[in-house]
4 protein chains.
Amino acid sequence: MRELGIGLIGTGFMGRAHALAFNNARAVFELPFTLKLAALADADTERARRCATAWGFAQAHGDWQALINDPTVDVVAITTPNHLHYPMAMAAIAAGKAVYCEKPLAVSLEQADTMRRAAAAAGVVTRVGYNYQHNPMIGLARQLIAGGELGELISFQGEFSEDFMADPASPWSWRCEVNHAGGALADLGSHLLSMARHLMGDVLSVCADTQTVHAQRPVSQGSAERTAIAVDDQVHALLRFANGARGTVSSSWLKHGYKNHLSFVISGTQGTLAFDQERLNELRLCRAGQDGFQRLLAGPALPGYAAFSPAAGHQLGYNELKTLEVQELIMAVAGQGADGSDFEAAWEVEQLATAIRLAAREERWVKPQDL
Amino acid sequence: MRELGIGLIGTGFMGRAHALAFNNARAVFELPFTLKLAALADADTERARRCATAWGFAQAHGDWQALINDPTVDVVAITTPNHLHYPMAMAAIAAGKAVYCEKPLAVSLEQADTMRRAAAAAGVVTRVGYNYQHNPMIGLARQLIAGGELGELISFQGEFSEDFMADPASPWSWRCEVNHAGGALADLGSHLLSMARHLMGDVLSVCADTQTVHAQRPVSQGSAERTAIAVDDQVHALLRFANGARGTVSSSWLKHGYKNHLSFVISGTQGTLAFDQERLNELRLCRAGQDGFQRLLAGPALPGYAAFSPAAGHQLGYNELKTLEVQELIMAVAGQGADGSDFEAAWEVEQLATAIRLAAREERWVKPQDL
Amino acid sequence: MRELGIGLIGTGFMGRAHALAFNNARAVFELPFTLKLAALADADTERARRCATAWGFAQAHGDWQALINDPTVDVVAITTPNHLHYPMAMAAIAAGKAVYCEKPLAVSLEQADTMRRAAAAAGVVTRVGYNYQHNPMIGLARQLIAGGELGELISFQGEFSEDFMADPASPWSWRCEVNHAGGALADLGSHLLSMARHLMGDVLSVCADTQTVHAQRPVSQGSAERTAIAVDDQVHALLRFANGARGTVSSSWLKHGYKNHLSFVISGTQGTLAFDQERLNELRLCRAGQDGFQRLLAGPALPGYAAFSPAAGHQLGYNELKTLEVQELIMAVAGQGADGSDFEAAWEVEQLATAIRLAAREERWVKPQDL
Amino acid sequence: MRELGIGLIGTGFMGRAHALAFNNARAVFELPFTLKLAALADADTERARRCATAWGFAQAHGDWQALINDPTVDVVAITTPNHLHYPMAMAAIAAGKAVYCEKPLAVSLEQADTMRRAAAAAGVVTRVGYNYQHNPMIGLARQLIAGGELGELISFQGEFSEDFMADPASPWSWRCEVNHAGGALADLGSHLLSMARHLMGDVLSVCADTQTVHAQRPVSQGSAERTAIAVDDQVHALLRFANGARGTVSSSWLKHGYKNHLSFVISGTQGTLAFDQERLNELRLCRAGQDGFQRLLAGPALPGYAAFSPAAGHQLGYNELKTLEVQELIMAVAGQGADGSDFEAAWEVEQLATAIRLAAREERWVKPQDL
């Protein structure tokens with residue numbers, strides 16, 4: 001079996017999550033390649049070396065371009081800060097390598113557009129880390145929709161809220177910078193927009209409202225000095241989908257009590273379906289004619305679950321969604337991928353987010369495809 | 001103690017609910033009047049007589065104007081179809097009597113405007129049946145907000161959805177007629193708008209989307225003949241409140257599995273508060289610094305609950321909200337009323353609903369107070 | 001239609017609940033009698049008079065025997081402290097009147113035995129206030145069981161816990177006295193035992209464990225003086241039912257967070273059914289072959305619900321269970337009663353509770369029917 | 001850093017779960033050893049070789065004794081059928097190696113007793129796979145108890161039920177054999193008993209009821225031939241703990257809708273704490289003086305969670321509990337282990353299960369320590 005060399009850039013939390021996912025993917029899945037953890041890159045060479053050992057990578061690089069040039073590397077995984085996604089991905093594409101980039105794809109719609117065009121021109125496989133979509137329960141939701149079990153889709157109401165910025169004393173970070181793709185809409189909302197498109201398809205037009213609630217934050221933890229904040233703390237939007245459905249999306253990072261509340265309710269002529277990432281192993285479904293919602297619990301009837309456990313109710317965790325994402329990536333490299341989140345899809349997510357921002361700024365309905 | 005004569009127009013479900021509420025209010029509350037069930041009116045004289053006996057009314061009238069003229073009647077309760085609210089309430093106001101009218105106040109904003117002006121000019125006490133607001137848990141929500149326990153309010157996300165029209169074979173009824181105040185927004189949404197105002201205060205501007213999903217329905221149950229439907233099946237709107245908060249409201253009568261899902265989540269700088277009418281004895285609250293939501297269960301610390309039960313957890317029902325509404329009405333007649341839903345407040349709800357319809361039709365933001 | 005005269009003894013919370021229930025029953029049900037609130041008795045004549053006026057009773061008595069002798073009284077409702085149930089019920093039976101007695105039937109098994117024999121000998125209709133059983137959702141549970149939808153019954157696990165005695169500083173009250181039917185088992189557990197029998201039928205044998213956790217309590221609120229407590233704070237028991245099912249029942253009044261947690265899970269060969277009185281309008285059901293539990297919400301398909309509301313999701317409250325109990329009583333007086341909780345049934349509940357106490361004391365399995 | 005060689009016996013689901021856990025433990029934890037996946041054994045040599053490659057083991061053995069003798073193996077992990085735990089663990093102990101054995105420790109109390117004595121005599125580190133205890137939320141529960149936040153413990157009510165044998169057509173398997181540690185009590189209940197001891201400490205005495213509901217099952221899937229079943233389908237027991245608390249434990253594998261319902265409610269004088277493995281990232285807590293239960297969601301304040309994610313709400317899964325178990329094992333080998341589930345503890349669990357069986361058979365209270 002052919003060997004596929006994995007090169008990983010970045011050694012932070014997300015870097016380690018990728019390392020775990022590649023390691024676990026080869027243990028739990030029958031893959032069409034032998035995965036080889038070929039190289040790990042970090043600007044701090046010493047750290048690169050240490051993590052390479054701990055995580056099982058064959059080589060360490062202090063320079064990401066070296067990793068991209070490394071002939072043992074076939075797939076480049078990018079887990080660095082958002083503003084570096086563009087140069088790294090463009091270099092990897094130029095080198096003809098598959099690219100697996102964390103979300104968001106880029107820090108501007110223009111960058112994203114350039115990236116998707118370059119990837120298409122080069123014919124390389126790309127994937128973007130919208131990991132929540134790889135949940136087998138989301139796969140089940142897609143199946144239910146595709147199988148017509150909800151009938152025609154009428155509405156989608158989605159929210160992704162957390163509370164990690166709820167305290168006005170939470171200081172400035174890169175997440176507060178527009179040119180690092182900061183703000184609740186870019187940081188959280190883009191996951192929700194991707195999910196909405198994954199389940200409902202294209203969005204024709206949007207109207208929206210964004211707000212910066214805490215206009216100043218400390219420059220660092222505990223500092224008395226404050227800096228102005230330009231990014232949105234919360235966003236609410238109206239959506240019209242190409243399939244005729246209507247709906248809302250909302251996102252806030254100020255909402256006490258929510259930790260990972262990526263949630264939606266989809267209403268169709270034949271049923272209603274609800275999900276909340278805080279209980280990622282569950283769906284709630286009410287079919288026409290039933291009296292109330294039924295709780296569906298993840299189990300081995302779903303292949304993505306069966307890979308990890310033969311028994312229902314044993315619960316997948318967040319990191320396993322990442323492993324499932326890696327599997328999907330590898331299958332795509334082998335030409336067997338389903339319609340996953342490639343650069344084209346990620347660009348459409350960015351386009352939709354841009355439309356929401358424009359609609360809010362100009363207080364009018366905006367069509368994403370007009371951007 | 002002075003006797004207060006109650007005159008009730010209408011003998012349907014809501015008429016009976018009023019009768020029960022007046023009966024129970026005098027048993028459970030210390031009221032400043034002796035309540036007398038003076039007269040009951042129904043166009044069907046025989047039915048009026050039968051219900052008067054069953055429900056304990058002293059007299060029966062076949063003519064509602066006769067009930068209004070009846071000198072033993074001090075308060076006129078109106079539970080007839082929506083298009084009759086206007087003439088009945090105007091006649092009662094003209095007779096100088098207090099008016100307790102079911103929602104919606106009227107079938108057009110113009111009617112509502114005339115009614116609130118007439119009531120103000122005549123100086124009569126008025127109330128409109130937004131009964132969900134009388135839930136002691138809603139009172140507690142108001143207390144928490146007023147006491148600053150949520151900090152400054154940031155967002156309100158509300159929904160009132162049911163599924164009683166979800167089946168496309170559900171036939172036409174008066175609820176499908178614009179001039180009977182039909183449609184999801186008027187029928188369900190107006191409760192939600194009233195609740196939003198009750199908790200959050202004035203709305204400055206709205207943007208919205210309404211949709212008729214099932215454009216035709218059978219003219220009657222089982223009929224093959226179909227008639228065109230003009231009213232909305234679902235509505236989604238963006239709201240900006242005078243207090244600076246933003247939010248959404250949604251309403252649908254097509255949503256399988258929802259039976260009385262009048263719900264909201266209010267986010268503030270110091271906490272988040274959630275409610276769902278399908279579990280009307282509960283609130284969920286997360287304060288800043290707490291790890292997660294706490295379930296608050298209705299109990300006798302709340303006066304409106306204590307009136308019905310000395311022990312926590314014994315659960316109030318829908319009909320008891322009506323009894324609490326009657327108490328509030330009687331106190332208002334005695335000049336001791338809190339800021340309840342009078343004709344002025346109900347007109348503001350209608351104004352807001354009208355703004356939502358206009359915003360949807362013209363695809364732009366609309367200020368209710370400009371109407 | 002014949003008039004049926006109601007005599008009510010007691011003007012406390014439960015007295016008022018009865019008064020409301022009789023009033024409401026005649027408004028919401030088609031009854032085979034005209035109900036007349038004939039007389040109200042309280043040892044405090046003045047209070048009897050005041051409450052009679054407020055609640056709509058024709059006469060007031062300062063002496064309960066006088067009420068029983070009152071020829072306008074056909075049904076005697078007893079809501080006095082537990083130790084008075086016996087003399088009052090025996091007098092009412094002797095007078096040939098129907099008796100509606102609050103639970104527990106008596107303060108000893110001997111009293112209960114005498115009462116049920118006297119009632120049988122006199123041929124009078126009797127009912128005991130196990131009001132939770134009149135919940136339409138419990139009726140639905142019985143229907144599901146009777147219709148075989150759970151298959152053969154395998155287990156019943158029930159709990160009735162509250163927290164009103166959880167604070168060790170909660171003082172002594174009559175609820176702490178054995179000869180007033182105090183203790184968690186008698187006060188709360190008897191409702192659960194009655195429910196278990198209502199749903200599962202006879203119990204063949206029990207083994208149990210009871211415990212007094214707080215052996216002393218203040219003699220009154222805030223007092224430094226303490227008195228020894230002999231009654232149980234918590235009880236756990238194993239049950240074997242005549243139908244072959246096994247199970248547990250538990251009761252505690254020390255369990256923080258539980259306010260009215262009368263709950264059960266019934267397991268059958270074809271499904272599992274769960275209920276919690278803190279959400280009395282809901283059942284959770286999982287049928288064989290389904291993936292998970294479905295929430296059933298009370299609605300007008302259930303006659304006991306339809307009497308109060310024509311629309312699903314509007315929620316019944318505790319007091320309406322009492323109104324349903326009164327309806328059942330009146331139907332029984334008319335000879336149309338279903339198998340309700342009469343003195344015979346209540347004696348069997350007391351017998352079961354006595355068996356549990358004996359099993360705990362002697363640390364062995366006990367057969368209730370051997371007592 | 002010293003290298004620690006891991007030898008794994010068994011290549012089924014649980015074998016793979018161990019392999020994943022060892023791999024992930026070295027990536028996510030700072031361990032006092034360099035973990036080396038030294039050898040994998042399976043009776044099928046070819047399969048051993050294939051899995052060794054896929055899972056990253058250096059060597060493969062077709063004979064488990066060879067693996068134990070392998071000088072590169074320091075820790076022997078046993079994931080074979082239950083009846084093989086005894087000979088394998090005894091051989092590993094004899095070789096002076098640390099032993100990590102899946103639960104149950106053995107198929108008889110005598111075996112378990114021999115094993116714990118042998119381990120103690122040899123001074124080797126042992127661990128048994130009661131993986132649910134390694135959930136950070138269970139760690140939090142222990143902290144809350146140890147910190148006195150629940151006050152004195154009053155009761156424990158636990159249940160571990162699933163539905164994988166609910167269908168009477170589910171065929172015989174080794175789980176139906178007494179001498180393979182089959183039956184609901186041994187298979188599921190032992191996890192619950194271990195959890196009860198982990199949280200509440202020693203059990204002084206028990207009374208119990210066990211039942212075989214389906215006395216015959218097909219010999220294999222779809223077969224018309226049936227074989228008699230001797231093991232319990234369900235068990236209910238009363239427990240008295242050494243700390244004075246009382247309680248119940250129940251287990252069934254016939255309960256439709258339950259997939260992994262390892263759950264408990266602990267009541268103390270200062271609070272109530274509830275857990276359900278089907279939502280393993282949550283605890284529900286009500287402290288004295290609070291109105292209701294609060295949901296605690298796993299987050300990075302708990303070290304066992306922080307190892308996998310820096311952000312709250314991202315959810316751990318079942319396999320990560322196994323990784324945490326491996327960490328605890330490795331720390332124990334380094335002499336830094338907390339009081340984990342070693343052979344001594346596992347023997348006490350078996351003793352308790354044996355006491356429950358005896359109590360059920362002889363219908364009397366039994367003291368585990370008398371066995």
Side-chain angles (χ1 to χ4, degrees), chain A residues 150-152 154-155 157 159 161 163 166-168 205 207-211 213-214 233-240 244-250 252 254-259 261 265-274 278 284-294 359-360 363-365, chain B residues 150-152 154-157 159 161 163 166-168 205 207-211 213-214 233-240 244-250 252 254-259 261 265 267-274 278 284-294 359-360 363-365:
Chain A
L150 301 187
E152 289 172 48
I154 298 173
S155 77
Q157 291 198 267
E159 177 174 6
S161 292
D163 65 2
D167 186 349
S205 58
C207 192
D209 197 19
T210 60
Q211 190 185 29
V213 173
H214 299 302
D233 284 320
Q234 66 174 350
V235 55
H236 301 95
L238 305 176
L239 271 66
R240 293 182 183 162
R246 309 293 174 88
T248 62
V249 290
S250 302
S252 167
L254 302 182
K255 222 160 184 173
H256 294 285
Y258 291 119
K259 302 302 178 188
H261 184 53
V265 178
I266 295 174
S267 161
T269 53
Q270 295 298 318
T272 304
L273 187 68
E278 290 187 0
R284 291 188 315 120
L285 172 67
C286 181
R287 298 173 199 269
Q290 285 187 328
D291 281 327
F293 281 87
Q294 184 184 359
E363 299 196 325
R364 63 174 178 90
W365 285 84
Chain B
L150 301 186
E152 289 172 49
I154 297 174
S155 77
F156 174 92
Q157 292 198 265
E159 177 174 6
S161 291
D163 66 3
D167 186 349
S205 59
C207 192
D209 197 20
T210 59
Q211 190 185 28
V213 174
H214 298 303
D233 284 321
Q234 65 175 349
V235 56
H236 301 95
L238 304 176
L239 271 65
R240 294 182 183 162
R246 308 293 174 89
T248 61
V249 289
S250 302
S252 168
L254 302 182
K255 222 161 183 171
H256 293 285
Y258 291 120
K259 301 302 180 188
H261 184 52
V265 178
S267 161
T269 54
Q270 295 298 318
T272 304
L273 187 68
E278 291 188 359
R284 292 189 313 122
L285 172 67
C286 181
R287 297 172 200 270
Q290 286 187 327
D291 281 328
F293 281 87
Q294 186 184 359
E363 299 195 328
R364 63 175 179 90
W365 285 84

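What you are looking at is a predicted structure, and each value in this text was computed from that prediction instead of being measured. Letters go in sequence order (proteins before strands), and every chain restarts at 1.
With hydrogens and angles disregarded, no donor-acceptor distance shorter than 3.5 Å links the side chain of B:His256 to the backbone of A:Ser267.
Heavy atoms of A:Ala274 lying under 4.5 Å from chain B are absent altogether. Contacts between A:Asp233 and chain B at a heavy-atom distance below 4.5 Å are absent for every atom of the residue.
Between chain A and the residues B:Asp209, B:Leu150, B:Asp167, B:Thr272, the most heavy-atom pairs under 4.5 angstrom are made by B:Asp209. Heavy-atom pairs under 4.5 Å with chain A peak, among B:Gly247, B:Gly151, B:Gly289, B:Gly268, at B:Gly247. Between chain B and the options A:Gly292, A:Ala166, A:Gly271, the largest number of non-hydrogen pairs under 4.5 Å is found for A:Gly271.
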Worked verdict on B:His236 versus A:Ser155 for side-chain contact (heavy atoms from CB on, under 4.5 Å) | CA-CA 10 Å; B:His236 301 95; A:Ser155 77; 4.1 Å; yes
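Note that CD of A:Gln157 and CD of B:Gln234 are 8.0 Å apart. Values are rounded to the nearest 0.5 Å. Taking OG from A:Ser205 and CD from B:Glu363, the interatomic distance works out to 7.0 Å, rounded to the nearest 0.5 Å.
Using a 4.5 Å cut-off on side-chain heavy atoms (C-beta onward), B:Val213 and A:Glu152 make no contact. Side-chain contact between A:Glu159 and B:Val265 is absent, with no heavy atoms from C-beta onward closer than 4.5 Å. Side-chain contact check for B:Ser252 versus A:Ile154: every heavy-atom pair is 4.5 Å or farther apart.
A search for salt bridge (charged side-chain N to carboxylate O under 4.0 Å, His left out) contacts involving B:Asp163 returns B:Lys259, not counting sequence neighbours.
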